[in-house]
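In listed order, ligands and their atoms are each counted from 1.
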Amino acid sequence: MGILEVKNVGKRFGGLQALSEVNLSIKENSVHAIIGPNGAGKSTLLNCLVGKLIPDTGSVMFDGRSVLGRAPFEINQMGISRVFQTPEIFGDLSVLENMMIPCFAKRDGAFEMNAFSDVMSQKDVLEKAEHMLEEMNMADKRHMHSASLSRGDKRRLEIGMCLSQEPRLLLLDEPTAGMARADTNNTIDLLKQIAADRDITIAIIEHDMHVVFSLANRITVLAQGTPLVEDDPENIRGNPKVREAYLGESA
Ligand SMILES: Nc1ncnc2c1ncn2[C@@H]1O[C@H](COP(=O)(O)OP(=O)(O)O)[C@@H](O)[C@H]1O
Ligand SMILES: [Mg+2]
């Protein structure tokens, strides 16, 4: 049994069957990539995992509990954090101030409103934020204006903000899309380090094969809304079905 079990998920938008009979099992502590051509249904599937969409059919279980019908914040409390394609940080705040925001939220999801007036809590939040920045190798940038960070460092900060909530499953939708190679490599190194150092499962939706083959130890190929193959990276590379799915995109 995987930490995340998707069974027979289907989702229709009007006349378009965006997902059908999606079965997916993500093993605890793996780095599982979901790849596939444009329009394959990758983002739709991710949205079904985090409470942004409710599938028409099937089930999605995280650690034995259904995520379906739960609000995104409840799913977050269950231990799933998501990094969006566009970094969700406040450009006007410093790096440290951004990092402090999720640190106010307790693990059980309660938002500590009186933390601002409570000297001890505020100190704890500051310490936690400083500690996370150290772990992200960003301590020297803590007083920088977040808007002036490189794309790679914005992503690094955002991933750190997710990790401060101690998720058991981290979901990323094309985390390196539109990045220069140096920023992409910066993000790859960070995710490798997180996978090695933490008790965490990573599911990544990705277009860039360099990123996929640098990180994943399991790959699901989605094509036209349904899984085509699920296998180890070495078996995916030369698989003719996979090449066909991608060639279909450029034809
Ligand atoms: N909210 C929506 N309403 C209608 N069609 C949608 C919606 N979201 C996605 N689609 C369609 O569903 C299909 C899968 O989209 P998506 O999951 O975004 O694919 P991917 O992320 O693999 O590129 C596409 O044909 C897309 O146009
Ligand atoms: Mg997408």
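- Applying the side-chain contact (heavy atoms from CB on, under 4.5 Å) test to His131 and every residue at least two apart in sequence or in another chain returns Glu135.
- Here Ser43 reaches the Mg ion (ligand 2): one of its N/O/S atoms is less than 2.8 Å from the metal.
- In this structure, a donor-acceptor pair under 3.5 Å is present between the side chains of Asn185 and His210.
- Asn217 places a side-chain N or O within donor-acceptor distance of the main-chain N or O of Val31, the cut-off being under 3.5 Å.
- No donor-acceptor distance shorter than 3.5 angstrom exists from the side chain of Ser94 to the backbone of Met144, with no hydrogens or angles considered.
- Looking at residues two or more places apart in sequence or on another chain, you find a salt bridge (Lys or Arg N to Asp or Glu O under 4.0 Å) between Lys7 and Glu5.
- Pairs engaging residues 8-21 under the side-chain hydrogen bond (donor to acceptor under 3.5 Å, both in side chains) rule: Arg12-Gln17 [sequence neighbours left out].
- Sorted by chain and number, the residues within 4.0 Å of ligand 1 by heavy atom are Phe13, Leu16, Ala18, Pro37, Asn38, Gly39, Ala40, Gly41, Lys42, Ser43, Thr44.
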